[in-house]
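Note that this is a predicted model, so its numbers are computed, not measured.
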Amino acid sequence: MRHFLIAALAALLLASPARAGFERLFVPKVALENPVWLEHSEGSGETVDHGAWDGFLARYLETDTAGINRIAYGDVTEADRAALDSYLQRLQDVDPRKLDQPEQLAFWINLYNAETVDVILENYPVDSIRDISTGLFGLGPWDDKLVTVIGRKLSLNDIEHGIVRPVYGDARIHYALNCAAASCPNLGKKAYRGATLEQELASAERAYVNDPRGISRRNGLLVISSIYVWFREDFAQSEEGVLDYLRQHADGPAKAALDGKARADDHAYDWALNGR
């Protein structure tokens with residue numbers, strides 16, 4: 001009987017507006033992982049070589065007919081896997097404190113994305129990144145300590161919620177950090193770089209807002225990406241504020257979908273792997 005009641009409660013939550021609030025309970029909160037990550041070298045001019053990541057993406061990333069950038073995980077050669085591991089090791093040898101902030105943020109984005117791809121390759125084939133877990137109750141690899149930077153072991157959650165979100169305070173990072181899911185904003189076709197970071201983030205923002213993964217009308221209902229629910233405070237202080245934010249960047253069908261709406265009717269996210 002207890003299991004039946006739990007299942008019934010879950011069904012009620014998932015079928016009602018309470019679902020958004022319920023899901024938000026499980027979203028990692030912004031909390032600086034360590035004050036050391038606030039350190040940077042303004043105007044240092046030092047850069048990080050991301051050529052190996054560029055090469056990997058050029059060989060294995062393609063855009064499908066729906067506009068989703070997908071990785072051919074099953075085609076990656078042993079040599080290219082070794083090259084990816086070598087690139088990740090070189091990133092972990094970098095001291096980000098010696099970089100200026102744009103170069104530093106590009107470093108974290110590329111480290112996060114390349115490590116996520118590496119995790120998928122280590123566990124492939126999988127249907128979803130959420131199928132990868134080392135813990136009894138885990139749902140994904142995000143809390144596993146996967147990399148070490150200046151002697152500190154970090155998980156993907158540490159990078160996203162303990163460094164990138166609190167240090168840089170830019171909602172557009174949600175368009176850059178890729179979780180290997182179909183509904184995630186596209187994995188970039190090239191590595192992010194400090195010198196062009198502003199343009200790259202602006203482009204990624206506009207692309208996702210104007211993609212059906214970001215905003216769509218379904219049977220007359222406005223459906224937005226769950227990203228805008230899970231991380232609402234990064235974009236605005238209220239549900240209405242999120243739609244105001246989206247209107248600033250929406251064109252064509254996305255703009256029409258928002259017309260006359262004070263809040264979204266639903267949110268959606270497809271966790272299927274971004275493989276091909």
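- With sequence neighbours excluded, the residues forming a side chain to side chain donor-acceptor pair (under 3.5 Å) with Thr77 are Asp80, listed by chain and number.
- In this structure Lys261 satisfies the salt bridge (Lys or Arg N to Asp or Glu O under 4.0 Å) test together with Asp265, sequence neighbours excluded.
- Here Asp95 pairs with Arg97 under the salt bridge (Lys or Arg N to Asp or Glu O under 4.0 Å) rule; sequence neighbours left out.
- Ala204 meets the side chain to side chain contact (heavy atoms under 4.5 Å, CB included) test with Tyr175, Tyr192; sequence neighbours excluded.
- For Asp49, the salt bridge (Lys or Arg N to Asp or Glu O under 4.0 Å) criterion is met by no residue, not counting sequence neighbours.
- Ring geometry, Tyr87 versus Trp53: the interplanar angle falls under 30°, so the pair is classed parallel (tilted spans 30 to 60°).
- The side chain to side chain contact (heavy atoms under 4.5 Å, CB included) check on Asn34 picks up Val36, Trp37, Arg152, with sequence neighbours excluded.
- For Glu122, there are no side chain to side chain donor-acceptor pair (under 3.5 Å) partners at least two apart in sequence or on another chain.
- The ring pair (Phe, Tyr, Trp, His ring centres under 6.0 Å) analysis of residues 57-77, with sequence neighbours excluded, yields the pairs Phe56-Tyr60, Tyr73-Tyr124.
- Residue pairs that meet the salt bridge (Lys or Arg N to Asp or Glu O under 4.0 Å) test with at least one member in residues 180-197, sequence neighbours left out, are Asp54-Arg193.
- Ring pair Trp230/His267 is perpendicular by interplanar angle, where above 60° counts as perpendicular and below 30° as parallel.
- By the side chain to side chain contact (heavy atoms under 4.5 Å, CB included) test, Arg70 is found to be paired with Asp64, Ile68, Ala182, Arg276, residues two or more places apart in sequence or in another chain being considered.
- His40 is linked by a side chain to side chain contact (heavy atoms under 4.5 Å, CB included) to Glu42, Gln101, Gln104, counting only residues two or more places apart in sequence or in another chain.
- The side-chain hydrogen bond (donor to acceptor under 3.5 Å, both in side chains) contacts involving residues 112-121 comprise Tyr112-Glu160, where partners must be two or more places apart or lie in separate chains.
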